[in-house]
Amino acid sequence: MEFQSASSQYLNYLRLEKGLTENTLQAYRRDLAKFEVFLNSRESSLEGVGTGSIYEFLDQLASRGISSRSRARILVTIRGLFQFLVFEGFFQSNPCANVESPKTWFALPKVLNVEEVDRLLAQPDLCSYRGIRDKAMLELLYATGLRVSELVSLQMRDLHLDLGYLHCVGKGNKVRVVPVGRSALQGLERYLEASRGQLLKGKSSNLLFLNRNGRKMSRQGFWKIIGFYGKKAGISIPLKPHLIRHSFATHLLQRGADLRSVQLMLGHADISTTQIYTHILKERLRSIYNAHHPRA
């Protein structure tokens, strides 16, 4: 079976049956492309792939300096491809079935402290309609922990300002309800009153946030905005949207939120994904113990 045909059918399956977003599908495409290059270099077909070939592929990735975490993710993609081909009757068995995943070490996510967040949120110029927009986006990002793709895809109908929450369409087209804090609500109201109309320039759009041309803001465009304000605020580490998401989760847990609630707000399908933050819970328990136990 031709690799291009197999991968195309697999990606269509992921799009139509699993409801994966285009950003996630792009990641799958990149993983599959690496495997295709490997097969071409060996002049091998899919039918010729065995367990040894998979280990050889993973070793090659390691020799190129690709991290164990990335290799584990790529293996999941390739395993899924063969699992799909077995399910569809093209193959009898999955050569990845018994391949052990590379051992991964999960680094604790970097986060901003509250003072750094305050400095960041103070940077946009509220005398400028673009500054008002940027302030609203930054406030909403920190207030909700949205992914950047979710933030730039928000539509007007997703907002329920009078009730203090929004609807968000996350991975797999799953809709979740996320509460919005007072500061973010104020930023949104100011943006809708004083800025959004200026960006539209007489046009119409269902999207909440717009670029300077009145069209949808790209993920890359917002990355540039947040990076600019991060430097302006004197934040030493490179500022990316996911750093704000990690800060949102960390600050909630530090103030007593439970892991399950944070999981729901972040839109994690599995609580094991949220458990990268459990070190915060351990630190809080230790501080409570030291403060209140008579023999601590």
Do [X] and [Y] belong together in a cluster built from hydrophobic side chains that touch within less than 4.5 Å?
| X | Y | value |
| --- | --- | --- |
| Leu239 | Ile237 | yes |
| Leu161 | Met156 | yes |
| Leu163 | Val177 | yes |
| Leu11 | Val37 | no |
| Val169 | Leu151 | no |

Between Thr250 and Ser247, do the side chains contain a donor N or O and an acceptor N or O under 3.5 Å apart? no
Side-chain donor-acceptor pair under 3.5 Å between Ser5 and Ser8, yes or no? no
Kindly indicate, with the supporting measurements, whether the criterion side chain to side chain contact (heavy atoms under 4.5 Å, CB included) is fulfilled by Arg130 and Arg212. CA-CA 8 Å; Arg130 284 166 65 181; Arg212 61 183 178 182; 4.1 Å; yes
Parallel, tilted or perpendicular: which one describes the rings of [X] and [Y], with boundaries at 30° and 60°?
| X | Y | result |
| --- | --- | --- |
| His251 | Tyr142 | perpendicular |
| Tyr165 | His160 | parallel |
| Tyr191 | Phe209 | tilted |

Within a reach of under 6.0 Å around [atom1] of [X], are more than 12 heavy atoms found that belong to other residues, nucleotides or ligands?
| X | atom1 | result |
| --- | --- | --- |
| Asn98 | CG | no |
| Glu47 | CD | yes |
| Glu43 | CD | no |

Heavy-atom closest contact ([X] atom, [Y] atom, distance):
| X | Y | result |
| --- | --- | --- |
| Val86 | Asn94 | CG2-N, 3.8 Å |
| Asp158 | Ser153 | OD2-O, 4.5 Å |
| Leu266 | Gly145 | CD2-O, 3.9 Å |
| Lys203 | Gly214 | NZ-CA, 4.2 Å |
| Pro95 | Thr51 | O-OG1, 3.2 Å |
| Ser101 | Ala72 | OG-CB, 3.4 Å |

With a 3.5 Å distance limit and no angle check, can you tell me whether [X] reaches the backbone of [Y] through a side-chain donor-acceptor pair?
| X | Y | result |
| --- | --- | --- |
| Gln123 | Arg119 | yes |
| Arg133 | Arg196 | no |
| Thr144 | Leu140 | yes |
| Arg79 | Val99 | yes |
| Arg71 | Ile66 | yes |
| Gln198 | Ser195 | no |
| Glu150 | Arg147 | yes |
| Tyr55 | Glu100 | yes |

Side chain to side chain contact (heavy atoms under 4.5 Å, CB included) between Leu141 and Val148: does it pass, once the steps are laid out? CA-CA 8 Å; Leu141 190 68; Val148 63; 5.6 Å; no
Check Arg182 with Glu139, please: is the shortest side-chain N to carboxylate O separation under 4.0 Å?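 Answer for the salt bridge query: no.
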Applying side chain to side chain contact (heavy atoms under 4.5 Å, CB included) to Leu81 and Tyr13, what does each step give before you reach the verdict? CA-CA 10 Å; Leu81 169 66; Tyr13 162 76; over 6 Å; no
Drop me the distance from [X]'s [atom1] to [Y]'s [atom2], to the nearest 0.5 angstrom.
| X | Y | atom1 | atom2 | value |
| --- | --- | --- | --- | --- |
| Ile74 | Tyr28 | CD1 | OH | 12.5 Å |
| Leu207 | Leu154 | CG | CG | 9.0 Å |
| Met265 | Arg176 | CE | CZ | 10.5 Å |
| Leu243 | Glu116 | CG | CD | 8.5 Å |
| Arg29 | Asp31 | CZ | CG | 12.0 Å |
| Leu61 | Ser67 | CG | OG | 10.0 Å |

Compare all side-chain heavy atoms of Lys216 with those of Leu210 and state whether any distance is below 4.5 angstrom.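 When only atoms from C-beta onward are counted, Leu210 and Lys216 do not touch, as no gap falls below 4.5 Å.
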Taking the side chain as every heavy atom from C-beta outward, state whether Cys168 and Leu146 have any pair of such atoms under 4.5 Å apart.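 Cys168 reaches Leu146 side chain to side chain.
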Taking it one step at a time, do Arg15 and Asn12 satisfy side chain to side chain contact (heavy atoms under 4.5 Å, CB included)? CA-CA 5 Å; Arg15 179 188 295 108; Asn12 282 334; 2.7 Å; yes
Side chain to side chain donor-acceptor pair (under 3.5 Å) contacts touching residues 218-243 (sequence neighbours left out):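 Passing the test, one end in residues 218-243: Asp134-Tyr229.
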Set of ring pair (Phe, Tyr, Trp, His ring centres under 6.0 Å) partners for Phe38, sequence neighbours left out: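 Only Phe57 meet the ring pair (Phe, Tyr, Trp, His ring centres under 6.0 Å) criterion with Phe38.
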